*Asks:* 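This is the structure, below, for whatever I ask next.
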Amino acid sequence: MKKYESYKDSGVGWIGKIPSHWSCVPFRRIAKVQCNLVRPSENLTMFQISPDSIEKNSGKIIKTRTVEEAKVDSDNHRFYKGQILYSKIRPLLNKVTIAPYDGLCSADMYPISTIQNTEYVMYYMLSEAFLSSVKNIVADRVKMPKINQDELKNTDFVIPPFSEQQVIVDYLKDKTLKIEQYVSARERERAA
């Protein structure tokens, strides 16, 4: 990644300095939670995503089932392909993904639309910076930590210009792919 000529204080202690042409704004300025509860009985063939469907810290969907297969009986949020899905229950498990199709998600999740690069927003939500802010919010909620919409809307978010968001996404995808290839090669060596 490149170094920048000048930096400024983000105004948020745990974020620190950011490049001077970037912004630090509340989440509500760049994204919106799209609550849309529907009855599962009317959507049995749609795919359903719950927090258990998402691998922690990676953004990967690890299992999919239809609403009928998952035996969903409570109302779920309707989401659309390309929206971010974020687990509000036990948010420190860091379960965030981008919907690969239209479907339903557990009411324990938020479908989110953004005016920024969706992949950049997802990666930022998976970052230590974002997780630190969430930790500060849910620190005293030991039994069942949860982040509500107002808390999420007021969480600070670092936003570079749109063109730089794509550069960051491309860099992270490349590094992630190389790590996955390395891990896969080591697993094959151990199995041999």
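In what follows, residues are counted from 1 in the order of the sequence shown. Atom set for the values below is all heavy atoms of this structure, side chains included, hydrogens, waters and symmetry mates excluded. What you see is a predicted model; the values in this text were computed from it and never measured.
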*Asks:* Minimum heavy-atom separation for Pro100 and Ile61, please, with both atom names.
*Replies:*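 For Pro100 and Ile61, the tightest heavy-atom pair comes out as CD-CD1, 3.5 Å.
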*Asks:* So among Thr155, Ile15, Val12, which one has a side chain to side chain contact (heavy atoms under 4.5 Å, CB included) with Ser133?
*Replies:*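 Testing each of Thr155, Ile15, Val12 against Ser133, the sole residue satisfying side chain to side chain contact (heavy atoms under 4.5 Å, CB included) is Thr155.
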*Asks:* Just by modelled atom types, is the Gly16 backbone N or O under 3.5 Å from a matching donor or acceptor in the Ser10 side chain?
*Replies:*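 A pair under 3.5 Å: yes.
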*Asks:* Group every Ile, Leu, Val, Met, Phe, Trp and Tyr by side-chain heavy-atom contacts under 4.5 Å, then state whether Phe27 and Ile137 land in the same group.
*Replies:*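 Phe27 clusters together with Ile137.
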*Asks:* To the nearest 0.5 Å, tell me how far Ser23 OG sits from Asp156 CG.
*Replies:*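 Rounded to the nearest 0.5 Å, the OG-CG separation comes to 12.0 Å.
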*Asks:* Would you kindly confirm whether Val25 and Val33 end up in one hydrophobic cluster when ILVMFWY residues are joined by side chain heavy atoms under 4.5 Å apart?
*Replies:*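 Shared cluster, yes.
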*Asks:* Nearest 0.5 Å, please: how far is NZ in Lys178 from CD in Gln181?
*Replies:*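 With rounding to 0.5 Å, CD (Gln181) is 8.5 Å from NZ (Lys178).
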*Asks:* Any donor and acceptor pair, going by atom type alone, linking the side chain of Asp174 with main-chain N or O of Asp170 inside 3.5 Å?
*Replies:*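 No: the side chain of Asp174 does not pair with the backbone of Asp170.
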*Asks:* Output the distance between atom NZ (Lys17) and atom CG (Asp9), rounded to the nearest 0.5 Å.
*Replies:*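 Atom-to-atom, Lys17:NZ and Asp9:CG are 6.5 Å apart.
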*Asks:* So for atom CZ, which belongs to Arg90, do other residues, nucleotides or ligands contribute more than 12 heavy atoms lying within a distance under 6.0 Å?
*Replies:*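 No, not enclosed.
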*Asks:* Test side chain to side chain contact (heavy atoms under 4.5 Å, CB included) on Ser106 and Gln48 and set out the steps.
*Replies:* CA-CA 8 Å; Ser106 161; Gln48 196 264 357; 4.1 Å; yes
*Asks:* Which heavy atom in Asn154 sits nearest to a heavy atom in Asp150, and how many Å separate them?
*Replies:*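 In terms of heavy atoms, the two residues are closest at ND2-O, 3.0 Å.
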*Asks:* Are Lys63 and Glu69 close enough for a salt bridge, meaning some N to O gap below 4.0 Å?
*Replies:*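 No, Lys63 and Glu69 are not salt-bridged.
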*Asks:* Kindly assign one of parallel, tilted or perpendicular to the pair Phe157 and Phe130, based on the angle between their ring planes and the thresholds 30° and 60°.
*Replies:*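 The rings of Phe157 and Phe130 stand perpendicular, inter-plane angle above 60°.
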*Asks:* Can you tell whether the side chains of Lys173 and Glu119 come within less than 4.0 Å, N to carboxylate O?
*Replies:*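 A salt bridge is present here (some side-chain N lies under 4.0 Å from a carboxylate O).
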*Asks:* Do any N or O atoms from the side chain of Ser87 and from the backbone of Lys95 form a donor-acceptor pair under 3.5 angstrom?
*Replies:*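 A pair under 3.5 Å: no.
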*Asks:* Applying side chain to side chain contact (heavy atoms under 4.5 Å, CB included), run through Gln149 and Lys32 and close with a yes or a no.
*Replies:* CA-CA 9 Å; Gln149 279 192 55; Lys32 184 176 182 184; over 6 Å; no
*Asks:* Are Leu85 and Leu126 joined in one hydrophobic group, where the rule is that I, L, V, M, F, W and Y side chains link up if heavy atoms are under 4.5 Å apart?
*Replies:*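 In one cluster with Leu85: Leu126, no.
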*Asks:* Would you give the length of the straight line joining atom CD of Gln165 to atom CD1 of Ile159, rounded to the nearest 0.5 angstrom?
*Replies:*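 Rounded to the nearest 0.5 Å, the CD-CD1 separation comes to 5.5 Å.
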*Asks:* Measuring from Ile49:CD1 to Ile54:CD1, what's the distance to the nearest 0.5 Å?
*Replies:*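 Answer rounded to 0.5 Å: 6.0 Å.
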*Asks:* Do Tyr110 and His77 make the cut of ring centroids closer than 6.0 angstrom?
*Replies:*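 Between His77 and Tyr110, which both carry aromatic rings, the centre distance is not below 6.0 Å.
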*Asks:* State, to 0.1 Å, how close Phe79 and Pro111 come at their nearest heavy-atom pair, and which atoms those are.
*Replies:*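 Looking at all heavy atoms of both residues, the closest pair is CB-CB, 4.0 Å.
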*Asks:* Quick check: is Ile98 connected to Phe47 through a chain of hydrophobic side chains (ILVMFWY, heavy atoms under 4.5 Å apart)?
*Replies:*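 Hydrophobic grouping puts Phe47 apart from Ile98.
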*Asks:* Ile89 and Lys146: which non-hydrogen atoms are nearest, and at how many Å?
*Replies:*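 That closest heavy-atom pairing would be CD1-CD, 3.6 Å.
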*Asks:* Taking all atoms of both residues into account, what is the closest heavy-atom pair of Lys8 and Ser20, and its distance?
*Replies:*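 Heavy atoms of Lys8 and Ser20 come nearest at NZ-O, 3.4 Å.
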*Asks:* Please find the pair of heavy atoms, one from Val38 and one from Leu104, that lie closest to each other, and give the distance.
*Replies:*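 Heavy atoms only, the tightest pair is CG2-CD2, 3.4 Å.
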*Asks:* When you check the gap from the basic side-chain N to the acidic O, do Glu189 and Arg186 get nearer than 4.0 Å?
*Replies:*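 Yes, charged N to carboxylate O under 4.0 Å.
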*Asks:* Could you go through Leu44 and Thr66, starting from their C-alpha distance and side-chain angles, then the distance that decides it, and tell me whether this counts as side chain to side chain contact (heavy atoms under 4.5 Å, CB included)?
*Replies:* CA-CA 7 Å; Leu44 294 174; Thr66 65; over 6 Å; no
*Asks:* Starting at CZ of Phe162, measure out to OH of Tyr120 and round the result to the nearest 0.5 Å.
*Replies:*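 Result: 11.5 Å between the selected atoms.
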*Asks:* Between Asn43 (side chain only) and Arg39 (backbone N and O only), is there a donor and an acceptor less than 3.5 Å apart?
*Replies:*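 Present.
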*Asks:* Within the distance-only criterion (no hydrogens, no angle test), does the side chain of Gln166 pair as donor or acceptor with the backbone N or O of Ser163 below 3.5 angstrom?
*Replies:*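 Not a single qualifying donor-acceptor pair exists.
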*Asks:* Verify the cluster assignment for Leu131 and Val138: are they in a single hydrophobic cluster under the rule of side-chain heavy atoms below 4.5 Å apart?
*Replies:*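 Leu131 clusters together with Val138.
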*Asks:* Evaluate Met125 against Ile112 for side chain to side chain contact (heavy atoms under 4.5 Å, CB included), listing each step before the verdict.
*Replies:* CA-CA 12 Å; Met125 292 178 81; Ile112 298 169; 4.0 Å; yes
*Asks:* Strictly distance-based, threshold 3.5 Å: is any side-chain N or O of Ser184 a donor or acceptor partner for the main-chain N or O of Glu180?
*Replies:*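 The answer is no, because no donor-acceptor pair under 3.5 Å joins these two groups.
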